[in-house]
Amino acid sequence: MNRLEVTEKIISTKVTKGIKWEAVAKKVGLSKEWVTAACLGQMTLNAEQAKIVGKMFGLTVEEQKWLQVAPYKGSLPTLVPTDPLIYRWYEIVNVYGSTIKELIHEEFGDGIMSAIDFSMDIVRQPDPKGDRVNVVL
């Protein structure tokens with residue numbers, strides 16, 4: 001058993017049972033974005049959170065323990081993403097990365113921003129031409 005196998009079991013059970021990430025997040029008591037990342041192997045759950053997720057996805061005690069291990073982060077299988085949705089994020093950073101960096105440094109000085117201690121919200125934004133994805137980081 002390893003973390004990847006637990007992730008695959010979670011995804012399989014999600015599909016089979018029709019579980020929504022929003023429902024998992026509500027039970028855990030955290031944002032759907034963070035809980036989804038945790039279930040996909042990119043964050044570490046504490047024992048209580050792992051137990052809740054374990055119950056929802058039918059995980060054994062051993063599998064729940066894997067959810068509590070600090071993961072090796074980075075979920076993309078290739079250097080340049082091939083999935084069209086993920087590639088668009090890569091494209092945004094590739095085109096606007098230096099602009100974002102320049103504006104952050106101008107406003108905050110030399111340093112880095114945190115990819116761990118930040119907030120994220122993904123919501124549907126109504127639009128007459130068809131709903132849009134609104135991502136706030």
*Asks:* Roughly how far, to the nearest 0.5 Å, is the OG1 atom of Thr44 from the NZ atom of Lys73?
*Replies:* 6.0 Å
*Asks:* Can you check whether Ile10 reaches Leu59 side chain to side chain, under 4.5 Å on heavy atoms?
*Replies:* yes
*Asks:* Does any non-hydrogen side-chain atom of Trp89 lie less than 4.5 Å from one of Val135?
*Replies:* yes
*Asks:* Are Val24 and Phe57 close enough that some pair of their side-chain heavy atoms sits under 4.5 Å apart?
*Replies:* yes
*Asks:* Determine the minimum heavy-atom distance between Pro81 and Tyr87, stating which atoms define it.
*Replies:* O-CD1, 3.5 Å
*Asks:* Of the non-hydrogen atoms in Ile19 and Met56, which two are nearest, and what is the gap between them?
*Replies:* CD1-O, 3.6 Å
*Asks:* Just wondering, more than 12 heavy atoms not from Leu137 lying within 6.0 Å of its CG?
*Replies:* yes
*Asks:* Taking atom NZ as the centre, does Lys51 end up with more than 12 heavy-atom neighbours from other residues, nucleotides or ligands that are less than 6.0 angstrom away?
*Replies:* no
*Asks:* Please determine whether residues Val69 and Leu45 belong to a single hydrophobic cluster, defined as Ile, Leu, Val, Met, Phe, Trp and Tyr linked transitively by side-chain heavy-atom distances below 4.5 Å.
*Replies:* yes
*Asks:* What distance separates Asp131 CG from Gln125 CD, expressed to the nearest 0.5 Å?
*Replies:* 9.0 Å
*Asks:* Decide whether Leu103 and Phe108 are clustered together by the hydrophobic rule: side chain heavy atoms of Ile, Leu, Val, Met, Phe, Trp, Tyr closer than 4.5 Å, transitively.
*Replies:* no
*Asks:* Would you find a donor on one side and an acceptor on the other, under 3.5 Å apart, between the side chain of Gln42 and the backbone of Gly74?
*Replies:* yes
*Asks:* Is there a side-chain contact between Glu102 and Thr99, using heavy atoms and a 4.5 Å cut-off?
*Replies:* no
*Asks:* Would you compute the distance between atom CH2 of Trp66 and atom CG of Leu4 and round it to the nearest 0.5 angstrom?
*Replies:* 10.5 Å
*Asks:* Under a 4.5 Å side-chain heavy-atom rule over Ile, Leu, Val, Met, Phe, Trp and Tyr, are Met120 and Trp21 clustered together?
*Replies:* no
*Asks:* Would you say the side chain of Met1 lies within less than 4.5 Å of the side chain of Val6, judging by non-hydrogen atoms?
*Replies:* yes
*Asks:* Hey, can you pull the donor-acceptor pairs under 3.5 Å for the side chains in residues 27-40, sequence neighbours left out?
*Replies:*
residue, atom, partner, partner atom, Å
Ser31, OG, Trp34, N, 3.1
Lys32, NZ, Ile122, O, 2.9
Glu33, OE2, Ile122, N, 2.8
Thr36, OG1, Lys32, O, 2.5

*Asks:* Is the shortest side-chain N to carboxylate O distance from Arg88 to Glu91 below 4.0 Å?
*Replies:* yes
*Asks:* Could you state the interatomic distance from CZ (Arg132) to CZ (Arg124), rounded to the nearest 0.5 Å?
*Replies:* 11.5 Å
*Asks:* For the residue pair Thr78 and Val80, what are the closest heavy atoms and their distance?
*Replies:* OG1-O, 2.7 Å
*Asks:* State yes or no: do Ile104 and Val95 share one hydrophobic cluster built from I, L, V, M, F, W and Y residues joined by side-chain heavy-atom distances below 4.5 Å, directly or via other members?
*Replies:* yes
*Asks:* Has Thr7 got a side-chain atom pairing as donor or acceptor with Arg3's backbone, closer than 3.5 angstrom?
*Replies:* yes
*Asks:* So, do Met113 and Phe118 sit near enough that their side-chain heavy atoms are less than 4.5 Å apart?
*Replies:* no
